Novice: 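Mind having a look at this structure? Questions to follow.
It should be emphasised that the depicted structure is a prediction, and the values quoted were computed from it without experimental measurement. All chains are named by letter (A, B, ...) in the order of the sequence lines, taking the proteins before the strands, and each is independently numbered beginning at 1.
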Amino acid sequence: MERRLVSDAEAVHAHIIKTGAREDLYVMTFLVNVYAQCGAMIAARKVFDGLPRRNVVTWTTLITGYVHNSEPELAIRVYLEMLETGSYPTNYTLGIALNACSSLRSLELGKQIHAYIVKYRIEQDASIGNALCSLYSKFGNLDYAVKTFRGITEKNVISWTAIISACSENGKAASGLSFFSEMLWENVEPNEFTLTCVLSLCCTVMSLSLGKQVHSLSIKRGYQLNLPVRNSAMYLYLKCGLVDEAYKLFNEIESSSLVTWNAIIAGHVQIMDFASDNLSAYQGGTRALEIFLRMIHSGLKPDLFTFSSVLTLCSKLVAQEQGEQIHAQTIKTGCLSDVVVGSALVNMYSKCGSIRRASKAFVEMSTRTLISWTTMITNFAIHGKTQQALQLFEDMRLVGVKPNQITFVGVLAACGHSLMVDEALNYFEMMQKEYRIKPVMDHFELLVDMFVMSGRIDEAFDLIKKMHYEPNEFIWSALITGARLHRNPELGLYAAERLIKLEPRDSETCIPLLKMYRAVERWIDMSNVEKLMRELQPVKLRDWSWICIKGKVYSFEPNEQFCPGNNMEMHMLLEDLLGRAKTLGYEFSGSSELKDNEDANISSRIHQSEEFAIAFGLLNTPKAAPIQIIKNTSMCQNCHDFIKCLSILTARKIVIQDRKRLHKFVDGKCSCGDFWGLL
DNA sequence: CTAGGGTTAG
């Protein structure tokens, strides 16, 4: 946004004085507006105060100035002052006053003004209706916003945009889109504001096809150079996986704003979630880190959005070194006081394996939201700190913060770590009775896991029967493992048969059933399953590990011939460590899981991908630095044993974030407590 | 002479 310069305003001011136009109220009102528009509110106020007469427009101009320069409390004070002098507000005045209430987050004041509006029956007016619509939307009352919108007699583009963005604000993307189609149906032309908002809705519902249509509509309407439109289109393409398309927009944007940079970084972070084989998404992550550095280099000042994205990026890359540098920058810029940034920082330290620093960052936060509490609880659970997690949950309730579904996932996970099944059941009941929260799949998975691990198979099965979801792969696999461990072949067979009925199927899914048939010696069934397995596509997850050093990602595969770095050196280091581990009592026997796996070569020791990553880390980081690794599949028990030894032999902290949980190896022990559940 | 709507985050 181009801003007027104060010097220009002063020139205008001087001209007005010279020409003697200062007697003219219209001219002087214009001057107040000029000062306001360049952010010089003190000067604007000075001009206003020096006026012999004022009309409503003059008052409204000053109020507007304060609202636009983020001083809503002053805006309201002037509004009340105006009423005291006996001036009647116009629809414009009321609209901007309502706006001040939104930014002040004062619903009470808004309601007072609303009462006045109701008294004069001017709710149907577009300027007022639009403002009311966004006010109530900001306070989470979408129903009322819709009602107000419907009542507006002459809806304009802004009314439509207001209701669409209200839906977006309140998490009703689909309703927002249906308002958009209604708008088109009514032949109201969307403008750049509308299109921007709609593009971001397409992004929320992840509808690339719709998004493309809206984007081309924007171009057709001549908004291809509009920055917000381009930013949201770029973000949409990035999130939907059209990375090249997104970069095309990114590179074409000449006067890219801070938002542009933030959006491309955030987009990369968003697509980095564990899916299957997303090495390229991880490489995209390093690219995002580079973009961040480039942005700083170009002299742009990062803001809250930048920091929260880039801290999350570090947590996903397990890049503590970078994270610490960014931590320092958040302090320097004063951004750390923001809740979102603070929560992201807590998460970053925890995911990098430092629960102590995470907890310190949490304690130092000046304000905490539900998300901050949930982040800390969940991370205590991830680190196997059951008591701290549960204590924090009680603290949170004590200060009156209401937990949500995700909080309870953290709480149940904390119980799971210590196999506290009955406590977990109590929390499960509390969630439903006290907080009226519907359990989701994650809750059931955790409970089933706990039941199975503590040998309470029947209860696991009862729970599965009671839940109102179709059991997934995890649930059936857990039950099968439990049934095998506790010798309940009927239940195991039942679960295995249900497992292979799930769609989509792959040959991996059939293995539990195969094992069940083998155990009960049903050879014919076994050969049928084998036949089925041959027909199905083997969708085996490739095993990858990554290590991030100085903002660069290095990836490794198992038994790799050629990896980044010096091959020979890494192999020798691993052989040496393997030999020394044996003196510590490490023995490669092959875990039970590995024995079942046809591919596993038991006679010779296969180096898993994480072992290469560790070796690379040992060779390329300072002596005492922690080794931080990401792995896309779950670790096997054998590796887990070996890495425990490595943490002694190398005297390093080794952190591995695998598909399922965080392992922090220190002095021969792992934070997971050797409890890594099933599958 | 004054308004009402937009993009990026844990």
Novice: Applying the side chain to side chain contact (heavy atoms under 4.5 Å, CB included) test to A/I128, which of A/T148, A/I152, A/I113, A/I122 qualifies?
Specialist: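 It is A/I122; the other options fail the test.
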Novice: Within the 4.0 Å heavy-atom criterion, would you say A/S127 contacts the bases, only the backbone, or no part of the nucleic acid?
Specialist: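 It contacts base atoms.
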Novice: Under the salt bridge (Lys or Arg N to Asp or Glu O under 4.0 Å) rule, what do A/R221 and A/E192 come out as? Steps first, then yes or no, please.
Specialist: CA-CA 9 Å; A/R221 293 274 182 278; A/E192 71 270 40; over 6 Å; no
Novice: Any stacking of A/F305 on B/dT8, going by centres under 5.5 angstrom and planes within less than 30 degrees?
Specialist: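 The ring of A/F305 is stacked on B/dT8.
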Novice: Just how far, in rounded Å, is P of B/dT8 from CD1 of A/I291?
Specialist: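 Those two atoms, CD1 and P, are 17 Å apart.
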Novice: For A/S165 and A/S168, what are the C-alpha separation, side-chain angles and deciding distance, and is it a side chain to side chain donor-acceptor pair (under 3.5 Å)?
Specialist: CA-CA 5 Å; A/S165 95; A/S168 158; over 6 Å; no
Novice: Measure from OH on A/Y35 to P on B/dC1 and round the result to the nearest Å.
Specialist: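 Value for this atom pair: 20 Å.
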Novice: Taking the six-membered ring for Trp, are A/H327 and A/Y349 parallel (under 30°), tilted (30 to 60°) or perpendicular (over 60°)?
Specialist: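 Ring orientation of A/H327 relative to A/Y349: perpendicular.
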Novice: Look at the side-chain N and O atoms of A/N347 and state whether any lies under 4.0 Å from the OP1 or OP2 oxygen of B/dG10.
Specialist: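 Checking A/N347 against B/dG10: no side-chain N or O falls below 4.0 Å of OP1 or OP2.
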Novice: Of the candidate nucleotides B/dT2, B/dA9, B/dG6, which contains the atom at the shortest distance from the side chain of A/A266?
Specialist: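 When the side chain of A/A266 is considered, B/dA9 is the closest of B/dT2, B/dA9, B/dG6.
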Novice: Looking for any heavy atom pair under 4.0 Å, which part of the strands does A/I96 touch: base, sugar-phosphate only, or nothing?
Specialist: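 Contact class for A/I96: sugar-phosphate only.
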Novice: Residues in side-chain hydrogen bond (donor to acceptor under 3.5 Å, both in side chains) with A/T306, at least two apart?
Specialist: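 A/N262, A/D303.
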Novice: Please tabulate, for the side chains in residues 72-88 of chain A, all donor-acceptor contacts under 3.5 angstrom to protein atoms that are two or more places apart in sequence or on a different chain.
Specialist:
| from | atom 1 | to | atom 2 | distance (Å) |
| --- | --- | --- | --- | --- |
| A/E81 | OE2 | A/R45 | NH2 | 3.3 |
| A/T85 | OG1 | A/M82 | O | 2.6 |

Novice: B/dG10 base to A/D338 side chain: any donor-acceptor pair below 3.5 Å?
Specialist: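 There is none.
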Novice: Go through residues 163-176 of chain A and report each residue with a non-hydrogen atom lying under 4.0 Å from DNA chain B, sorted by number.
Specialist: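 Listed by number, they are A/S165.
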Novice: Does OP1 or OP2 of B/dA3 have a side-chain N or O of A/N99 closer than 4.0 Å?
Specialist: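 Indeed not, no polar side-chain atom of A/N99 lies that close.
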Novice: Can a side chain N or O of A/Q270 be found less than 4.0 Å away from OP1 or OP2 on B/dT8?
Specialist: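 Checking A/Q270 against B/dT8: no side-chain N or O falls below 4.0 Å of OP1 or OP2.
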Novice: Taking the side chain of A/T64 as heavy atoms from C-beta outward, which of B/dG6, B/dA3, B/dC1 is closest to it?
Specialist: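 The closest nucleotide is B/dA3.
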Novice: Using only modelled atom types and a 3.5 angstrom limit, is any donor from either the side chain of A/T369 or the base of B/dG10 paired with an acceptor on the other?
Specialist: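 Answer is yes: a donor-acceptor pair is held.
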Novice: For residues 285-294 of chain A, tabulate all N or O donor-acceptor pairs below 3.5 Å that involve a side-chain atom, not counting sequence neighbours.
Specialist:
| from | atom 1 | to | atom 2 | distance (Å) |
| --- | --- | --- | --- | --- |
| A/T286 | OG1 | A/Q283 | O | 2.6 |
| A/R287 | NE | A/Y247 | OH | 3.4 |

Novice: Of all the nucleotides listed (B/dT7, B/dG10, B/dA3), which has the minimum atom distance to the side chain of A/Y92?
Specialist: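 Closest nucleotide to the A/Y92 side chain: B/dA3.
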Novice: Just how far, in rounded Å, is C1' of B/dC1 from CZ of A/R53?
Specialist: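 Taking atom C1' of B/dC1 as the reference, CZ of A/R53 is at 13 Å.
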Novice: Please report the distance, rounded to the nearest Å, between CG in A/L94 and C1' in B/dA3.
Specialist: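 Rounded to whole Å, this separation is 11 Å.
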Novice: Got a list of side-chain donor-acceptor pairs under 3.5 Å for residues 171-178 of chain A, not counting sequence neighbours?
Specialist:
| from | atom 1 | to | atom 2 | distance (Å) |
| --- | --- | --- | --- | --- |
| A/S178 | OG | A/S175 | O | 3.1 |

Novice: In terms of heavy-atom contacts, does OH of A/Y26 have more than 12 from other residues, nucleotides or ligands at under 6.0 Å?
Specialist: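 No - once you tally the heavy atoms of other residues, nucleotides and ligands closer than 6.0 Å, there are 12 at most.
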Novice: Between A/E186 and A/K155, is there a salt bridge with N-O shorter than 4.0 Å?
Specialist: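 No, A/K155 and A/E186 are not salt-bridged.
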Novice: Closest approach to the side chain of A/N130, judged atom by atom: which nucleotide of B/dG6, B/dG4, B/dT8 is it?
Specialist: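 Closest nucleotide to the A/N130 side chain: B/dG4.
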Novice: Once you round it to whole Å, what is the distance between P of B/dG4 and CG of A/L98?
Specialist: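 Taking atom P of B/dG4 as the reference, CG of A/L98 is at 10 Å.
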Novice: How many whole angstroms separate atom CD1 of A/I63 from atom P of B/dC1?
Specialist: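 Rounded to whole Å, this separation is 18 Å.
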Novice: Please give me every residue in residues 324-333 of chain A whose heavy atoms get under 4.0 Å of an atom in DNA chain B, ordered by residue number.
Specialist: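 Correct list: empty, so none.
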Novice: Within a reach of under 6.0 Å around NZ of A/K385, are more than 12 heavy atoms found that belong to other residues, nucleotides or ligands?
Specialist: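 At most 12 heavy atoms, drawn from other residues, nucleotides or ligands, come within 6.0 Å of this atom.
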Novice: Take atom OH of A/Y235 and atom P of B/dG6, then tell me their distance rounded to the nearest Å.
Specialist: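 Distance, rounded to whole Å: 17 Å.
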Novice: Side-chain N or O of A/Q37 versus OP1/OP2 of B/dC1: is the shortest distance under 4.0 Å?
Specialist: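 No, A/Q37 has no side-chain N/O under 4.0 Å of OP1/OP2 on B/dC1.
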Novice: Let me know the distance between CE of A/M272 and C1' of B/dG10, rounded to the nearest Å.
Specialist: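 Nearest whole value for this atom pair: 15 Å.
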